[in-house]
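A, B, ... follow the sequence lines: proteins, then strands. Residue 1 opens every chain. Small disclaimer: the values here were computed from a predicted structure and weren't measured.
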There are 2 protein chains.
Amino acid sequence: MTREERRHQLARLIQEEPFISDRELAQRFGVSVQTIRLDRASLGIPQLRERTRKLARMAYSQLRSVGADEVVGELLEMELGRRALSVMETTERMALSGSGVVRGHHLFAQANSLAVSVIDASQALTGRARLRFVKPVRVGERVVAVATVVRQRQGRFWVDVESRVQGEPVFQGRFLVVVPGP
Amino acid sequence: MTREERRHQLARLIQEEPFISDRELAQRFGVSVQTIRLDRASLGIPQLRERTRKLARMAYSQLRSVGADEVVGELLEMELGRRALSVMETTERMALSGSGVVRGHHLFAQANSLAVSVIDASQALTGRARLRFVKPVRVGERVVAVATVVRQRQGRFWVDVESRVQGEPVFQGRFLVVVPGP
DNA sequence: TCCGGCCTTAGCACCAGGTGCTAATCCCCG
DNA sequence: CGGGGATTAGCACCTGGTGCTAAGGCCGGA
(Lines give C-alpha, C1' and ligand atoms only; values in the text may rest on other atoms or scores of the structure.)
Protein backbone atom coordinates (compact mmCIF):
# COMPACT_ATOMS: atom_id res chain seq x y z
CA MET A 1 0.00 0.00 0.00
CA THR A 2 1.37 3.40 -0.94
CA ARG A 3 1.37 6.29 1.44
CA GLU A 4 -1.34 8.06 -0.51
CA GLU A 5 -3.55 5.00 -0.43
CA ARG A 6 -3.07 4.66 3.29
CA ARG A 7 -3.91 8.31 3.87
CA HIS A 8 -7.07 8.07 1.82
CA GLN A 9 -8.18 5.03 3.75
CA LEU A 10 -7.19 6.68 7.00
CA ALA A 11 -9.37 9.70 6.29
CA ARG A 12 -12.29 7.49 5.38
CA LEU A 13 -11.85 5.26 8.41
CA ILE A 14 -11.76 8.19 10.81
CA GLN A 15 -14.80 9.65 9.09
CA GLU A 16 -16.65 6.44 9.73
CA GLU A 17 -15.24 5.70 13.16
CA PRO A 18 -14.45 9.00 14.79
CA PHE A 19 -13.76 7.43 18.19
CA ILE A 20 -10.60 5.65 17.14
CA SER A 21 -7.21 6.40 18.68
CA ASP A 22 -3.88 6.67 16.92
CA ARG A 23 -2.79 3.47 18.61
CA GLU A 24 -5.68 1.54 17.11
CA LEU A 25 -5.16 3.12 13.72
CA ALA A 26 -1.50 2.15 13.80
CA GLN A 27 -2.44 -1.46 14.48
CA ARG A 28 -5.03 -1.54 11.72
CA PHE A 29 -2.64 -0.20 9.11
CA GLY A 30 0.36 -2.09 10.42
CA VAL A 31 2.44 1.05 10.80
CA SER A 32 3.79 2.89 13.80
CA VAL A 33 1.88 5.44 15.81
CA GLN A 34 4.25 8.13 14.61
CA THR A 35 3.31 7.46 11.01
CA ILE A 36 -0.35 7.85 11.89
CA ARG A 37 0.45 11.13 13.59
CA LEU A 38 2.23 12.39 10.50
CA ASP A 39 -0.66 11.27 8.33
CA ARG A 40 -3.22 13.01 10.48
CA ALA A 41 -1.12 16.16 10.56
CA SER A 42 -0.76 16.26 6.80
CA LEU A 43 -4.47 15.60 6.35
CA GLY A 44 -5.43 18.18 8.92
CA ILE A 45 -7.37 15.63 10.95
CA PRO A 46 -7.58 16.63 14.60
CA GLN A 47 -6.80 14.31 17.48
CA LEU A 48 -9.35 11.94 18.96
CA ARG A 49 -10.23 14.23 21.85
CA GLU A 50 -10.79 17.13 19.50
CA ARG A 51 -13.05 15.03 17.29
CA THR A 52 -14.98 13.84 20.30
CA ARG A 53 -15.39 17.37 21.57
CA LYS A 54 -16.70 18.54 18.22
CA LEU A 55 -19.35 15.82 18.10
CA ALA A 56 -20.27 16.46 21.71
CA ARG A 57 -20.78 20.14 21.04
CA MET A 58 -23.05 19.26 18.16
CA ALA A 59 -25.17 17.08 20.40
CA TYR A 60 -25.19 19.73 23.04
CA SER A 61 -26.14 22.59 20.75
CA GLN A 62 -28.91 20.43 19.32
CA LEU A 63 -30.17 19.70 22.80
CA ARG A 64 -29.98 23.36 23.63
CA SER A 65 -31.67 24.41 20.45
CA VAL A 66 -34.71 22.45 21.36
CA GLY A 67 -36.67 25.62 21.43
CA ALA A 68 -33.70 27.85 20.78
CA ASP A 69 -33.85 27.63 17.03
CA GLU A 70 -36.85 29.84 16.69
CA VAL A 71 -35.44 30.51 13.27
CA VAL A 72 -34.13 27.68 11.15
CA GLY A 73 -30.83 28.89 9.81
CA GLU A 74 -29.09 31.98 11.12
CA LEU A 75 -30.94 35.24 11.43
CA LEU A 76 -28.95 38.01 9.80
CA GLU A 77 -31.29 40.96 9.63
CA MET A 78 -34.61 41.69 11.21
CA GLU A 79 -36.93 44.61 10.79
CA LEU A 80 -39.87 43.47 12.81
CA GLY A 81 -43.14 43.57 10.90
CA ARG A 82 -41.40 44.46 7.67
CA ARG A 83 -38.48 42.36 6.52
CA ALA A 84 -36.08 39.67 7.70
CA LEU A 85 -33.12 37.80 6.28
CA SER A 86 -31.58 34.49 7.25
CA VAL A 87 -28.91 32.19 5.92
CA MET A 88 -28.83 28.41 6.16
CA GLU A 89 -25.90 26.11 5.54
CA THR A 90 -26.98 22.89 3.91
CA THR A 91 -25.51 19.58 4.97
CA GLU A 92 -25.60 15.98 3.91
CA ARG A 93 -28.30 15.15 6.41
CA MET A 94 -30.69 17.49 4.63
CA ALA A 95 -30.45 15.50 1.43
CA LEU A 96 -32.10 12.39 0.17
CA SER A 97 -29.49 9.74 0.73
CA GLY A 98 -26.83 9.98 -1.90
CA SER A 99 -28.61 12.37 -4.20
CA GLY A 100 -26.90 15.51 -2.90
CA VAL A 101 -30.11 17.45 -3.40
CA VAL A 102 -31.53 19.19 -0.34
CA ARG A 103 -35.06 18.10 0.45
CA GLY A 104 -37.81 20.62 0.01
CA HIS A 105 -38.95 20.72 3.57
CA HIS A 106 -35.66 22.15 4.74
CA LEU A 107 -36.08 25.10 2.43
CA PHE A 108 -39.64 25.38 3.61
CA ALA A 109 -38.56 25.23 7.26
CA GLN A 110 -36.16 28.11 6.79
CA ALA A 111 -38.73 30.18 4.91
CA ASN A 112 -41.59 29.34 7.23
CA SER A 113 -39.74 30.10 10.43
CA LEU A 114 -38.50 33.36 8.95
CA ALA A 115 -41.99 34.32 7.82
CA VAL A 116 -43.39 33.62 11.26
CA SER A 117 -40.66 35.39 13.16
CA VAL A 118 -40.83 38.56 11.09
CA ILE A 119 -44.32 39.07 12.44
CA ASP A 120 -44.30 41.14 15.59
CA ALA A 121 -46.31 38.74 17.71
CA SER A 122 -45.44 35.90 20.01
CA GLN A 123 -48.26 33.65 18.87
CA ALA A 124 -48.01 33.85 15.09
CA LEU A 125 -48.90 30.71 13.13
CA THR A 126 -48.79 29.78 9.50
CA GLY A 127 -52.26 29.52 8.01
CA ARG A 128 -51.70 28.98 4.33
CA ALA A 129 -48.79 28.93 1.98
CA ARG A 130 -48.08 28.70 -1.69
CA LEU A 131 -44.63 27.50 -2.68
CA ARG A 132 -42.43 27.19 -5.71
CA PHE A 133 -39.25 25.16 -5.64
CA VAL A 134 -37.54 26.90 -8.50
CA LYS A 135 -34.26 25.07 -8.66
CA PRO A 136 -32.74 22.18 -6.73
CA VAL A 137 -30.31 23.14 -3.96
CA ARG A 138 -27.23 21.00 -3.61
CA VAL A 139 -25.61 19.98 -0.34
CA GLY A 140 -23.06 22.53 0.78
CA GLU A 141 -24.76 25.54 -0.77
CA ARG A 142 -25.70 28.49 1.41
CA VAL A 143 -29.33 29.46 1.16
CA VAL A 144 -30.19 33.09 1.83
CA ALA A 145 -33.84 33.74 2.52
CA VAL A 146 -35.52 37.15 2.53
CA ALA A 147 -38.95 37.55 4.02
CA THR A 148 -41.03 40.63 3.24
CA VAL A 149 -44.36 41.49 4.75
CA VAL A 150 -46.45 42.54 1.76
CA ARG A 151 -49.89 43.06 3.24
CA GLN A 152 -51.52 42.98 6.62
CA ARG A 153 -55.02 43.24 7.96
CA GLN A 154 -56.03 42.72 11.58
CA GLY A 155 -54.06 39.70 12.58
CA ARG A 156 -53.55 38.36 9.07
CA PHE A 157 -50.20 38.92 7.39
CA TRP A 158 -49.08 38.02 3.91
CA VAL A 159 -45.37 37.38 3.85
CA ASP A 160 -43.34 36.70 0.72
CA VAL A 161 -40.15 34.73 1.09
CA GLU A 162 -37.56 34.35 -1.60
CA SER A 163 -34.56 32.09 -1.10
CA ARG A 164 -31.46 32.30 -3.21
CA VAL A 165 -28.18 30.49 -3.67
CA GLN A 166 -25.41 32.69 -4.99
CA GLY A 167 -28.01 35.23 -6.03
CA GLU A 168 -30.04 32.71 -7.98
CA PRO A 169 -33.61 32.06 -6.84
CA VAL A 170 -34.21 28.54 -5.63
CA PHE A 171 -37.43 28.92 -3.71
CA GLN A 172 -40.36 31.30 -3.55
CA GLY A 173 -43.21 31.22 -1.13
CA ARG A 174 -46.16 33.29 -0.07
CA PHE A 175 -47.26 32.73 3.50
CA LEU A 176 -50.39 33.76 5.23
CA VAL A 177 -49.41 34.15 8.86
CA VAL A 178 -52.18 34.61 11.38
CA VAL A 179 -52.09 35.95 14.90
CA PRO A 180 -55.00 34.39 16.72
CA GLY A 181 -57.37 36.38 18.88
CA PRO A 182 -57.67 40.13 19.28
CA MET B 1 -22.08 27.57 51.90
CA THR B 2 -22.43 24.09 53.33
CA ARG B 3 -20.99 21.06 51.63
CA GLU B 4 -24.43 19.80 50.66
CA GLU B 5 -25.32 23.13 49.12
CA ARG B 6 -22.14 23.15 47.14
CA ARG B 7 -22.71 19.62 45.89
CA HIS B 8 -26.21 20.43 44.78
CA GLN B 9 -25.02 23.47 42.90
CA LEU B 10 -22.15 21.49 41.48
CA ALA B 11 -24.46 18.86 40.06
CA ARG B 12 -26.67 21.53 38.52
CA LEU B 13 -23.77 23.49 37.09
CA ILE B 14 -22.27 20.42 35.43
CA GLN B 15 -25.70 19.53 34.08
CA GLU B 16 -25.90 22.94 32.46
CA GLU B 17 -22.27 23.25 31.44
CA PRO B 18 -21.00 19.75 30.75
CA PHE B 19 -17.75 21.01 29.23
CA ILE B 20 -16.32 22.34 32.46
CA SER B 21 -13.15 20.99 34.03
CA ASP B 22 -12.45 20.37 37.70
CA ARG B 23 -10.03 23.27 37.67
CA GLU B 24 -12.71 25.69 36.54
CA LEU B 25 -15.22 24.26 38.98
CA ALA B 26 -12.73 24.72 41.80
CA GLN B 27 -12.28 28.37 40.89
CA ARG B 28 -16.02 29.00 40.68
CA PHE B 29 -16.71 27.53 44.07
CA GLY B 30 -13.56 28.88 45.66
CA VAL B 31 -12.40 25.45 46.79
CA SER B 32 -9.52 23.25 45.78
CA VAL B 33 -9.53 20.87 42.88
CA GLN B 34 -9.35 17.96 45.30
CA THR B 35 -12.59 18.98 46.93
CA ILE B 36 -14.27 19.05 43.54
CA ARG B 37 -12.94 15.58 42.86
CA LEU B 38 -14.34 14.29 46.14
CA ASP B 39 -17.66 15.95 45.36
CA ARG B 40 -17.86 14.44 41.90
CA ALA B 41 -16.93 11.04 43.26
CA SER B 42 -19.58 11.13 45.93
CA LEU B 43 -22.18 12.34 43.43
CA GLY B 44 -21.17 9.77 40.86
CA ILE B 45 -20.48 12.43 38.25
CA PRO B 46 -17.97 11.23 35.67
CA GLN B 47 -14.94 13.21 34.59
CA LEU B 48 -15.05 15.82 31.84
CA ARG B 49 -13.73 13.49 29.18
CA GLU B 50 -16.31 10.87 30.01
CA ARG B 51 -19.09 13.43 29.84
CA THR B 52 -17.82 14.67 26.52
CA ARG B 53 -17.66 11.16 25.11
CA LYS B 54 -21.21 10.45 26.17
CA LEU B 55 -22.54 13.53 24.42
CA ALA B 56 -20.44 12.78 21.36
CA ARG B 57 -21.85 9.29 21.09
CA MET B 58 -25.33 10.73 21.25
CA ALA B 59 -24.56 13.09 18.38
CA TYR B 60 -22.99 10.29 16.44
CA SER B 61 -25.88 7.89 16.78
CA GLN B 62 -28.23 10.68 15.81
CA LEU B 63 -26.14 11.53 12.78
CA ARG B 64 -26.21 7.90 11.78
CA SER B 65 -29.94 7.65 12.11
CA VAL B 66 -30.69 10.81 10.17
CA GLY B 67 -30.55 10.34 6.46
CA ALA B 68 -32.29 7.07 7.06
CA ASP B 69 -35.54 8.89 7.48
CA GLU B 70 -36.42 9.07 3.84
CA VAL B 71 -39.89 9.58 5.14
CA VAL B 72 -40.45 11.95 8.03
CA GLY B 73 -42.65 10.03 10.41
CA GLU B 74 -43.33 6.35 10.08
CA LEU B 75 -44.58 4.90 6.83
CA LEU B 76 -47.64 2.75 7.43
CA GLU B 77 -49.05 2.02 4.00
CA MET B 78 -47.69 2.45 0.54
CA GLU B 79 -49.26 1.85 -2.79
CA LEU B 80 -46.61 3.17 -5.11
CA GLY B 81 -47.90 5.74 -7.55
CA ARG B 82 -51.30 5.87 -5.90
CA ARG B 83 -51.52 6.34 -2.18
CA ALA B 84 -49.42 6.36 0.98
CA LEU B 85 -49.98 6.84 4.68
CA SER B 86 -47.64 7.84 7.48
CA VAL B 87 -47.88 8.71 11.12
CA MET B 88 -45.71 11.15 13.05
CA GLU B 89 -45.37 11.52 16.80
CA THR B 90 -44.94 15.12 17.80
CA THR B 91 -42.47 16.10 20.48
CA GLU B 92 -41.47 19.17 22.43
CA ARG B 93 -38.63 19.92 20.06
CA MET B 94 -41.07 20.43 17.21
CA ALA B 95 -42.78 23.26 19.02
CA LEU B 96 -42.11 26.92 19.44
CA SER B 97 -40.55 27.20 22.87
CA GLY B 98 -43.20 26.92 25.48
CA SER B 99 -46.18 27.31 23.22
CA GLY B 100 -46.86 23.60 22.85
CA VAL B 101 -47.92 24.17 19.25
CA VAL B 102 -46.09 22.17 16.63
CA ARG B 103 -44.41 24.34 14.03
CA GLY B 104 -45.79 24.26 10.54
CA HIS B 105 -42.68 23.00 8.85
CA HIS B 106 -42.84 19.71 10.70
CA LEU B 107 -46.28 19.06 9.30
CA PHE B 108 -44.99 20.12 5.95
CA ALA B 109 -41.97 17.84 6.24
CA GLN B 110 -44.16 14.83 6.90
CA ALA B 111 -46.51 15.69 4.05
CA ASN B 112 -43.76 16.59 1.63
CA SER B 113 -41.68 13.49 2.20
CA LEU B 114 -44.77 11.35 1.89
CA ALA B 115 -45.81 13.06 -1.33
CA VAL B 116 -42.35 12.56 -2.80
CA SER B 117 -42.01 8.96 -1.74
CA VAL B 118 -45.39 7.91 -3.09
CA ILE B 119 -44.09 8.68 -6.55
CA ASP B 120 -42.48 5.69 -8.16
CA ALA B 121 -39.20 7.33 -9.03
CA SER B 122 -35.88 7.71 -7.29
CA GLN B 123 -35.33 11.29 -8.35
CA ALA B 124 -38.65 12.91 -7.53
CA LEU B 125 -38.57 16.52 -6.36
CA THR B 126 -41.17 18.92 -5.12
CA GLY B 127 -41.90 21.64 -7.65
CA ARG B 128 -44.80 23.56 -6.18
CA ALA B 129 -47.10 23.26 -3.27
CA ARG B 130 -50.18 24.87 -1.84
CA LEU B 131 -50.79 24.42 1.86
CA ARG B 132 -53.47 25.01 4.43
CA PHE B 133 -52.75 24.71 8.12
CA VAL B 134 -56.27 24.06 9.23
CA LYS B 135 -55.85 23.69 12.96
CA PRO B 136 -52.89 23.92 15.31
CA VAL B 137 -51.33 20.62 16.36
CA ARG B 138 -50.29 20.30 19.96
CA VAL B 139 -47.19 18.54 21.23
CA GLY B 140 -47.86 14.87 21.88
CA GLU B 141 -50.54 14.46 19.24
CA ARG B 142 -50.10 11.82 16.56
CA VAL B 143 -50.42 13.17 13.06
CA VAL B 144 -51.63 10.79 10.39
CA ALA B 145 -50.97 11.89 6.83
CA VAL B 146 -52.54 10.41 3.73
CA ALA B 147 -51.07 11.16 0.34
CA THR B 148 -53.07 10.52 -2.82
CA VAL B 149 -51.84 10.91 -6.35
CA VAL B 150 -54.66 12.76 -8.07
CA ARG B 151 -53.26 13.43 -11.52
CA GLN B 152 -50.18 12.66 -13.49
CA ARG B 153 -48.78 13.64 -16.81
CA GLN B 154 -45.32 12.74 -18.08
CA GLY B 155 -43.13 13.27 -15.08
CA ARG B 156 -45.46 15.68 -13.33
CA PHE B 157 -47.57 14.39 -10.48
CA TRP B 158 -50.18 16.16 -8.43
CA VAL B 159 -50.34 14.72 -4.96
CA ASP B 160 -52.88 15.68 -2.32
CA VAL B 161 -51.94 15.20 1.29
CA GLU B 162 -54.32 15.46 4.17
CA SER B 163 -53.09 15.20 7.76
CA ARG B 164 -55.36 14.50 10.66
CA VAL B 165 -55.20 14.29 14.43
CA GLN B 166 -57.80 12.00 15.93
CA GLY B 167 -59.71 12.11 12.66
CA GLU B 168 -59.79 15.89 12.55
CA PRO B 169 -58.05 17.59 9.65
CA VAL B 170 -55.10 19.74 10.69
CA PHE B 171 -53.29 20.19 7.41
CA GLN B 172 -54.04 19.99 3.72
CA GLY B 173 -51.60 20.31 0.91
CA ARG B 174 -51.44 19.89 -2.83
CA PHE B 175 -47.99 19.09 -4.15
CA LEU B 176 -46.68 19.13 -7.66
CA VAL B 177 -43.93 16.54 -7.70
CA VAL B 178 -41.68 16.41 -10.72
CA VAL B 179 -39.43 13.68 -11.96
CA PRO B 180 -36.68 15.31 -14.01
CA GLY B 181 -35.31 13.83 -17.21
CA PRO B 182 -36.85 12.56 -20.44
C1' DT C 1 28.83 1.32 -6.33
C1' DC C 2 27.65 5.15 -3.47
C1' DC C 3 24.84 9.14 -2.50
C1' DG C 4 20.74 11.97 -1.81
C1' DG C 5 15.83 12.00 -0.74
C1' DC C 6 11.74 10.41 0.84
C1' DC C 7 9.33 7.73 4.15
C1' DT C 8 9.18 5.65 8.41
C1' DT C 9 10.34 4.78 13.08
C1' DA C 10 12.24 5.68 17.74
C1' DG C 11 12.90 8.26 21.82
C1' DC C 12 12.32 11.93 24.85
C1' DA C 13 10.15 15.87 27.18
C1' DC C 14 5.91 17.91 27.84
C1' DC C 15 0.73 18.77 28.02
C1' DA C 16 -4.35 18.43 29.94
C1' DG C 17 -7.35 16.32 32.78
C1' DG C 18 -7.82 13.30 35.19
C1' DT C 19 -7.44 8.65 39.24
C1' DG C 20 -5.81 6.80 43.67
C1' DC C 21 -3.49 7.10 47.54
C1' DT C 22 -1.40 9.11 51.93
C1' DA C 23 -0.58 12.78 54.83
C1' DA C 24 -1.27 17.01 56.66
C1' DT C 25 -4.29 21.00 58.15
C1' DC C 26 -8.62 23.55 59.47
C1' DC C 27 -12.31 24.41 62.09
C1' DC C 28 -16.21 23.52 64.92
C1' DC C 29 -18.43 21.24 68.81
C1' DG C 30 -18.77 19.30 73.16
C1' DC D 1 -8.63 21.20 75.16
C1' DG D 2 -9.38 17.14 72.31
C1' DG D 3 -11.76 14.59 68.57
C1' DG D 4 -13.62 14.23 64.07
C1' DG D 5 -15.42 15.59 59.74
C1' DA D 6 -14.10 18.51 55.89
C1' DT D 7 -10.62 20.21 53.25
C1' DT D 8 -6.19 20.57 51.15
C1' DA D 9 -1.53 19.11 49.55
C1' DG D 10 1.60 16.17 47.31
C1' DC D 11 2.99 12.40 44.68
C1' DA D 12 2.88 8.62 41.29
C1' DC D 13 0.48 7.16 37.47
C1' DC D 14 -2.87 7.04 33.39
C1' DT D 15 -4.43 8.15 28.30
C1' DG D 16 -3.96 10.32 24.19
C1' DG D 17 -1.94 13.16 22.52
C1' DT D 18 2.10 17.47 20.59
C1' DG D 19 6.79 18.86 19.19
C1' DC D 20 11.19 17.98 18.45
C1' DT D 21 15.57 15.42 17.16
C1' DA D 22 17.72 11.54 15.47
C1' DA D 23 18.22 7.42 13.26
C1' DG D 24 17.17 3.85 9.80
C1' DG D 25 15.35 1.73 5.37
C1' DC D 26 14.73 1.79 0.68
C1' DC D 27 14.93 3.28 -4.02
C1' DG D 28 16.53 5.65 -8.12
C1' DG D 29 20.10 8.08 -10.60
C1' DA D 30 24.91 9.24 -11.73
Side-chain angles (χ1 to χ4, degrees), chain A residues 1-66 68-69 89 91-93 140, chain B residues 1-67:
Chain A
M1 196 195 305
T2 74
R3 188 173 69 160
E4 281 320 295
E5 265 174 43
R6 189 188 60 231
R7 292 196 169 170
H8 257 93
Q9 289 190 32
L10 184 84
R12 251 198 41 235
L13 183 54
I14 292 180
Q15 180 91 349
E16 277 183 33
E17 283 180 56
F19 302 109
I20 190 168
S21 69
D22 285 2
R23 206 187 329 261
E24 276 191 61
L25 288 164
Q27 285 175 356
R28 294 226 197 168
F29 286 100
V31 295
S32 72
V33 174
Q34 284 79 356
T35 302
I36 297 295
R37 304 234 224 263
L38 287 172
D39 287 353
R40 266 200 307 103
S42 91
L43 291 165
I45 297 172
Q47 66 168 113
L48 166 59
R49 284 165 183 167
E50 210 60 54
R51 301 193 299 265
T52 309
R53 266 192 290 275
K54 197 177 281 182
L55 283 168
R57 278 179 211 286
M58 284 177 52
Y60 190 62
S61 65
Q62 255 190 2
L63 270 172
R64 291 272 104 164
S65 69
V66 173
D69 65 346
E89 304 282 351
T91 65
E92 194 58 54
R93 56 165 270 278
Chain B
M1 195 194 306
T2 76
R3 189 174 68 159
E4 282 318 295
E5 262 175 45
R6 189 189 59 231
R7 291 195 172 172
H8 257 93
Q9 288 190 31
L10 184 85
R12 251 198 41 235
L13 183 54
I14 292 180
Q15 179 92 347
E16 277 183 34
E17 283 181 56
F19 303 108
I20 191 167
S21 68
D22 286 1
R23 210 194 316 271
E24 275 191 62
L25 289 164
Q27 286 175 357
R28 294 227 196 166
F29 286 100
V31 296
S32 73
V33 173
Q34 283 80 355
T35 302
I36 297 295
R37 304 235 224 263
L38 288 172
D39 287 353
R40 266 199 308 103
S42 91
L43 291 165
I45 297 172
Q47 66 167 113
L48 167 60
R49 283 165 183 168
E50 212 58 53
R51 301 194 299 265
T52 310
R53 266 193 289 275
K54 196 177 282 181
L55 283 168
R57 279 178 210 287
M58 284 176 52
Y60 191 61
S61 63
Q62 256 195 359
L63 264 171
R64 293 272 106 161
S65 68
V66 187

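We find the CD1-CD distance between B:Ile20 and B:Gln15 to be 13.0 Å, quoted to the nearest 0.5 Å. Here the NE2 atom belonging to A:His8 is positioned 13.0 Å from the CZ atom belonging to A:Arg6, to the nearest 0.5 angstrom. Between atom OG of residue A:Ser21 and atom CZ of residue A:Arg51 there is a gap of 8.5 Å, rounded to the nearest 0.5 Å. Between atom CG of residue A:Leu25 and atom OG1 of residue A:Thr35 there is a gap of 11.5 Å, rounded to the nearest 0.5 Å.
Closest approach to the A:Gln34 side chain among C:dT8, C:dG11, D:dG10 is made by C:dG11 (side chain taken as heavy atoms from C-beta onward).
Rounded to an integer number of Å, the gap from CD1 of B:Ile36 to P of D:dA6 is 15 Å. Put simply, CD on A:Glu24 is 9 Å from P on D:dG16, counting in whole angstrom units. If you measure from atom CZ of B:Arg53 to atom P of C:dA16, you get 18 Å, rounded to the nearest angstrom. D:dG16 atom C1' lies 15 Å from atom CZ of A:Phe19, rounded to whole Å. Rounded to an integer number of Å, the gap from B:Phe29 CZ to D:dT7 P is 12 Å. One atom, CG of B:Leu38, and another, C1' of C:dG18, lie 14 Å apart when rounded to the nearest Å. In this structure, B:Leu10 atom CG and D:dT7 atom C1' are separated by 15 Å, rounded to whole Å.
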Are any protein N/O atoms closer than 3.5 Å to N/O atoms in nucleotides 17-19 of chain D? If there are, list each pair with its distance.
from	atom 1	to	atom 2	distance (Å)
D:dG17	OP1	A:Leu48	N	2.7
D:dG17	OP2	A:Asp22	N	2.9
D:dT18	OP1	A:Arg40	NH1	3.3
D:dT18	OP1	A:Arg40	NH2	3.4
D:dT18	OP2	A:Arg40	NH2	3.0

With the criterion being N/O to N/O and under 3.5 Å, what pairs connect the protein with nucleotides 4-7 of chain C, and how long is each?
from	atom 1	to	atom 2	distance (Å)
C:dC7	OP1	A:Arg3	NH2	2.8
C:dC7	OP2	A:Arg3	NH1	3.4
C:dC7	OP2	A:Arg3	NH2	3.2

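Among the atoms of the strands shown, only primed sugar atoms or phosphate atoms (P, OP1, OP2) are found under 4.0 Å from some heavy atom of A:Val31.
Between A:Arg40 and A:Glu50, none of the side-chain N atoms (NZ, or NE/NH1/NH2) sits under 4.0 Å from a carboxylate O, so this pair counts as no salt bridge.
Looking at A:Ile36 and A:Val31, their side chains come closer than 4.5 Å, going by heavy atoms from C-beta outward.
Scanning all heavy atoms of the two residues, the minimum distance from B:Leu43 to B:Arg7 falls at CD1-O, 3.6 Å. Nearest heavy atom pair, residue B:Leu55 against residue A:Ala56, reads CB-CB, 3.7 Å.
Residue A:Thr35 places no side-chain N or O under 4.0 Å from the OP1 or OP2 atom of C:dT8.
For the pair A:Arg57 and B:Phe19, the cation-pi test (distance below 6.0 Å, angle within 45°) is passed.
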